[in-house]
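Nothing here was measured: the structure is a model prediction, and the numbers come from that model. These values consider heavy atoms only, across backbone and side chains, with no hydrogens, waters or symmetry-generated copies.
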Amino acid sequence: MASYPFKEIETKWQEQWEQRGTNLVSEDKNKPKYYVLDMFPYPSGAGLHIGHPEGYTATDIVARYKKMQGFNVLHPMGFDAFGLPTERYSMQTGIHPAIATKNNIENFKRQLKMLGLAYDWSRQINTTEPNYYKWTQWMFLLIYNSWFDENSNKARHINELPIPDSIKDPLEIEKYKDEHRLAYLAMIPVNWCEALGTVLANEECDEWREKGYEVERKPMRQWMIKITKYSQRLLQDLDLVDWPYSTKEMQKNWIGRSDGAEINFKVKNSDNNILVFTTRPDTIFGATYMVLAPEHELVKEIVSVEEKNKVESYIKQASLKSDLERTELSKEKTGIFTGAYAINPATKKEIPIWIADYVLAHYGTGAIMAVPGHDERDHEFALKYNLPIIKVVEKENDDWNITESAFTDDGIAVNSANDELSINGLPTDQAKDKTIEWLESTNIGSRKVQYKLRDWLFSRQRYWGEPIPIMFFEDGTKRALDLDELPLVLPEVSDFKPAGTGESPLAKVDSWINFIDKKTGKKARFETNTMPQWAGSCWYYLRYTDPKNNEIFADKEKEKYWMSPDGIDLYMGGAEHAVLHLLYARFWHKVLFDHGYVSTPEPFKKLFHQGLIIGEDGRKMSKSLGNVINPDDVVSEFGADSIRVFEMFLGPLQDAKPWSTDGIAGVNRFLGRVWRLIIDKDDNVSADLQDIPMTSEQEFVLHSTIKKVSEDIENLHFNTAVSQMMIFVNEFTKAQIKPLKAIENFLMCLAPFAPHISEELWEKLGHSESIFNNPFPKYDDSKIQKKEIEFVVQVNSKIRARMMLPVDLEQVEYEKLTLTDESVQKHIAGKQIRKVIFVPKKLINFIV
RNA sequence: GCUCGGAUGGCGGAAUAGGUAGACGCACAGGACUUAAAAUCCUGUGAACUUCGGUUCGUGAGGGUUCAAGUCCCUCUCCGAGUACCA
């Protein structure tokens, strides 16, 4: 027999909450708001994973607790339902992705409800519904219709872009605008996967490669978004948010700010200049050669006649290599001399210009000044091709052999002087500044900040994504749809296979690529690319504040009510989104902020990552290992309250923790003990529960429990909160007659963790109102103060005795009392006390 | 390679500002109840030695600071995550 009838009571209360509308919320100016959000799931065909309830329970506990504390709590859920797995399922089965998505969402919802999560389902969103993606499209167009004003460091409407007087032709003006839009079309090499029939984002490539798919580089016309314009703000605004340190670090690394200089090198016997970026302008005297990326545009112009063939064949070879091959497979650096020379502006010496694929075209200027003495990569290359290595930075008090290895740390500049500039003897940071001053005064170069962050590739050749609401005309012009034309709804198709031309399945739909535009009367075709899956998740948290609005994505007042002053109060989700989703969403939010649509510069005030739940065998759960735990099975065997409490009890929320069947049985036993504390064998409220005063020991345990549970919920330390509740139950199980008041207070502590059993027992105790309508109990500090404690007596820092003593005595009294102890006497006997260390309420230490 | 985390009984994990290491749970052992089992309740449980009162050792390894170190400092080993020629 089950330890308590969880099946009936869980079903009963889930129905009750739904009927009563317990979890519905609306704006209430009389209450402080609290917005707690889970990263919404992708509704896969496999259903809920056992890891999902971990983060969801954590936020549910916080939501229920905050509600009991008098907050107006927004705790919504929805589905990030566009995505490749569904589209692939449709290709195989012919079932429309919208149907598959609907079924998957129904299953997910059933499972989420089964866990007793207090979501306001009236606010549910689904990124694939036209009335949702209408606004995703609208926001894309907002980005498209924006340019970045460097002076005010923010986005402005494209109509406010100053057009230079020299540009008169309307087509030229359009072109000028297009160049400045935050969303633009570009012909760029992308990661093309033939088998999937789509391009992939850089970050998606490895994932598919691991699964055995081939990904190649191929230039294609793509939509790009200038997220790079926000590099600095994305970096500095990390100071505004309360996020895990490591996540902030990852974002910082991803944005990758480098401070340095851009320097122009003249090409000998030519009008061409090679612009390089360097973080070490102080080493310019040590630049003994230059390297261009194979794709660099100047390569063709400067290559000498003699070297032309060799250079061309090298470029061809490099272009065939993927990024992966360029890095991992070729540890050995390769390169080739162009036959051309540049003039080092500091030394005025001729230095050879090489091409090598260790220089990346897409970072900096795609060219470098090579300083083999002080850069490991340049050093390796110089050794291989026998290029000169000069020491221009010295390590203090050390004779570094520069031929053997590069010295890359800061040091003191040497061999670095010409007629106008000498930095000899200066430490690196000063040498940098002085060199930059000279570069700027001579117009050779300038200070420059460089970021690693690249523009965001925003188009995918898929059917199951948001259509990009732009149409193209035969004359080469294009038009973005107006708000009254949105949403641009995906056309019905029955064949989800890619077009085979590198375009999405939409390219096969005649009504999509061959129609007459109603507004202009011109023959037109829609963009056939769709948006990446990240798009819908960039703003879903805003839609929850006003999910049904058809005039705007969210009413300004409602957005302000829930998002002010610092954004979402708690955002819970996996660390796998530490960079991409969180960076894209922050960017998206900032564009909305610049246009005045949202009230905060950052969307997520506090972020927390729940850890992975791994298999019972300590390995990651996977079908092939056969160690997958299904939430449906667990709920049916132990109940939702057990799975909730167990996942919280397993260990610290942010840690990876192994599942344990014995462990959940233990938690289920604990809930059974709670049940039997109140309900007797005959299913009645126990006669042992009486309205009697607590003993001081019971008061101590109750108030400690209230304190511990409330503090632990605030700090997301749920595992220790559960421990404390177990201590409570152990203590009160001991008592023959149980004080009712204590038990009721305890139930309120337990309620956020195990809502069903708490509601049921609360009702059985004669309450007609939901337990969640009660204020969370407060503890009385005076009840937690003990009058007597176990006092530790040490001799020479070793524990020799423990004595029960009053807490409020003077040191001398403790000395007197503790010195009477036999064991203490034994260890002190015959020796002299040199020193006494006294820690109030804890210990006394005699040094002899 | 670099950047972050982490290492505590047989297991998951506790231990506010350095001050009783191992809370709580699991597993295990013994007992009560039972014809028996399950369930439940009670007791014990870091290791070694022990004259059963204790003694010594013990938080990945080695050093250091301190009356006192899981906690602070240095060096190292192993594990996990992210990133990868970013000039």
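In this structure, A:Gln724 reaches neither bases nor backbone, as no heavy-atom distance under 4.0 Å exists between it and the strands shown. The residue A:Lys798 sits close only to the backbone: its heavy atoms come under 4.0 Å of sugar-phosphate atoms, none of a base. Across all strands shown, A:Gly666 has heavy atoms under 4.0 Å from sugar-phosphate atoms exclusively, and none from any base. In this structure, A:Glu790 reaches the bases: a heavy-atom distance under 4.0 Å links it to at least one base atom across the strands shown. As judged by a 4.0 angstrom heavy-atom cut-off over every strand, A:Arg800 is placed among residues touching the sugar-phosphate backbone only. Nucleic acid contact class of A:Lys452 (heavy atoms, under 4.0 Å, all strands): base.
OP1 or OP2 of B:rA87 sits under 4.0 Å from a side-chain N or O of A:Ser258. Within the 4.0 Å cut-off from OP1 or OP2 of B:rA39, not a single side-chain nitrogen or oxygen of A:Arg676 is found. Within the structure, every side-chain polar atom (N or O) of A:Arg669 is placed at least 4.0 Å from both OP1 and OP2 of B:rA39. Between B:rA87 and A:Lys448, no contact under 4.0 Å exists linking OP1 or OP2 to a side-chain N or O.
The aromatic rings of A:Trp354 and A:Tyr385 lie tilted to each other, with the angle between the two planes from 30° to 60°. Aromatic ring orientation, A:Phe407 versus A:His374: perpendicular (interplanar angle above 60°, classes split at 30° and 60°).
Within a 6.0 Å sphere centred on NZ of A:Lys384, other residues, nucleotides and ligands contribute more than 12 heavy atoms. By the 6.0 Å contact criterion, NZ on A:Lys620 is open, its count of non-hydrogen atoms from other residues, nucleotides or ligands being 12 or less. When the shell of 6.0 Å around CD of A:Glu404 is examined, it contains 12 or fewer heavy atoms from other residues, nucleotides or ligands.
Taking atom CG of residue A:Asp821 and atom P of nucleotide B:rG54, one finds them 11 Å apart after rounding to whole Å. Put simply, CD on A:Glu822 is 13 Å from C1' on B:rG54, counting in whole angstrom units. Summarising the geometry, the separation between CD on A:Gln654 and C1' on B:rA81 is reported as 14 Å, rounded to the nearest angstrom. Taking atom CZ of A:Arg802 as the reference point, atom C1' of B:rG54 lies 13 Å away to the nearest angstrom. The distance from atom CD1 of A:Ile837 to atom C1' of B:rC67 is 3 Å, rounded to the nearest whole Å. Atom-to-atom, CD1 of A:Ile799 to P of B:rG54 comes out at 14 Å; the value is rounded to the nearest Å. In this structure, CD1 of A:Ile614 is placed 12 Å from C1' of B:rC79, rounded to the nearest angstrom. In this structure, A:Glu576 places its CD atom 10 Å from P of B:rG82, rounding to the nearest Å.
Each of A:Thr278 and A:Ala665 has a nearest nucleotide on RNA chain B; the 5'-most of these lies closest to A:Ala665. Each of A:Ser660 and A:Ile368 lies near RNA chain B, and the nucleotide nearest A:Ser660 is the one positioned closer to the 5' end.
Proximity of A:Asp378 to A:Tyr289: side-chain heavy atoms (C-beta onward) are separated by under 4.5 Å at one or more points. Side-chain contact between A:Glu647 and A:Trp659 is present, with at least one heavy-atom pair separated by less than 4.5 Å.
Considering CZ of A:Phe728 and CZ of A:Arg673, their distance stands at 12.0 Å, rounded to 0.5 Å. Taken to the nearest 0.5 Å, the CE atom of A:Met725 stands 5.5 Å off from the CZ atom of A:Phe670.
As the counterpart of B:rU51, no nucleotide is assigned, since no Watson-Crick or G-U wobble pattern has both distances under 3.5 Å. Of all nucleotides present, only B:rU75 satisfies the Watson-Crick or G-U wobble test against B:rA61, with each distance under 3.5 Å.
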**OP:** Apply the test ring pair (Phe, Tyr, Trp, His ring centres under 6.0 Å) to residues A:Phe718 and A:Phe649: give CA-CA distance (whole Å), side-chain angles for both, the deciding distance (0.1 Å), then the verdict.
**Re:** CA-CA 7 Å; A:Phe718 303 109; A:Phe649 182 58; over 10 Å; no

**OP:** Under the salt bridge (Lys or Arg N to Asp or Glu O under 4.0 Å) rule, what do A:Lys333 and A:Glu380 come out as? Steps first, then yes or no, please.
**Re:** CA-CA 8 Å; A:Lys333 292 195 176 16; A:Glu380 187 192 329; 3.2 Å; yes

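Base orientation for B:rG22: anti, the chi torsion being more than 90° from 0.
Within residues 725-736 of chain A, the residues that place at least one heavy atom under 4.0 Å from RNA chain B are, in residue-number order, A:Met726, A:Ile727, A:Asn730. Contact check of residues 280-287 of chain A against RNA chain B (heavy atom, cut-off under 4.0 Å) returns no residues at all.
At a cut-off of 3.5 angstrom, the base of B:rC67 holds at least one donor-acceptor pair with the side chain of A:Asn845. The base of B:rU3 does not come close enough to the side chain of A:Glu249 for any donor and acceptor atom to sit less than 3.5 Å apart.
For A:Phe638 and A:Phe6, the ring centers are positioned 6.0 Å apart or more.
A donor-acceptor contact closer than 3.5 angstrom is absent between the side chains of A:Ser686 and A:Asp680.
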**OP:** List the protein contact pattern of nucleotides 5-15 of chain B with one symbol per nucleotide (5' to 3'): B for base contact, S for sugar-phosphate-only contact, - for none; contact means a heavy-atom distance under 4.0 Å.
**Re:** -------BSS-

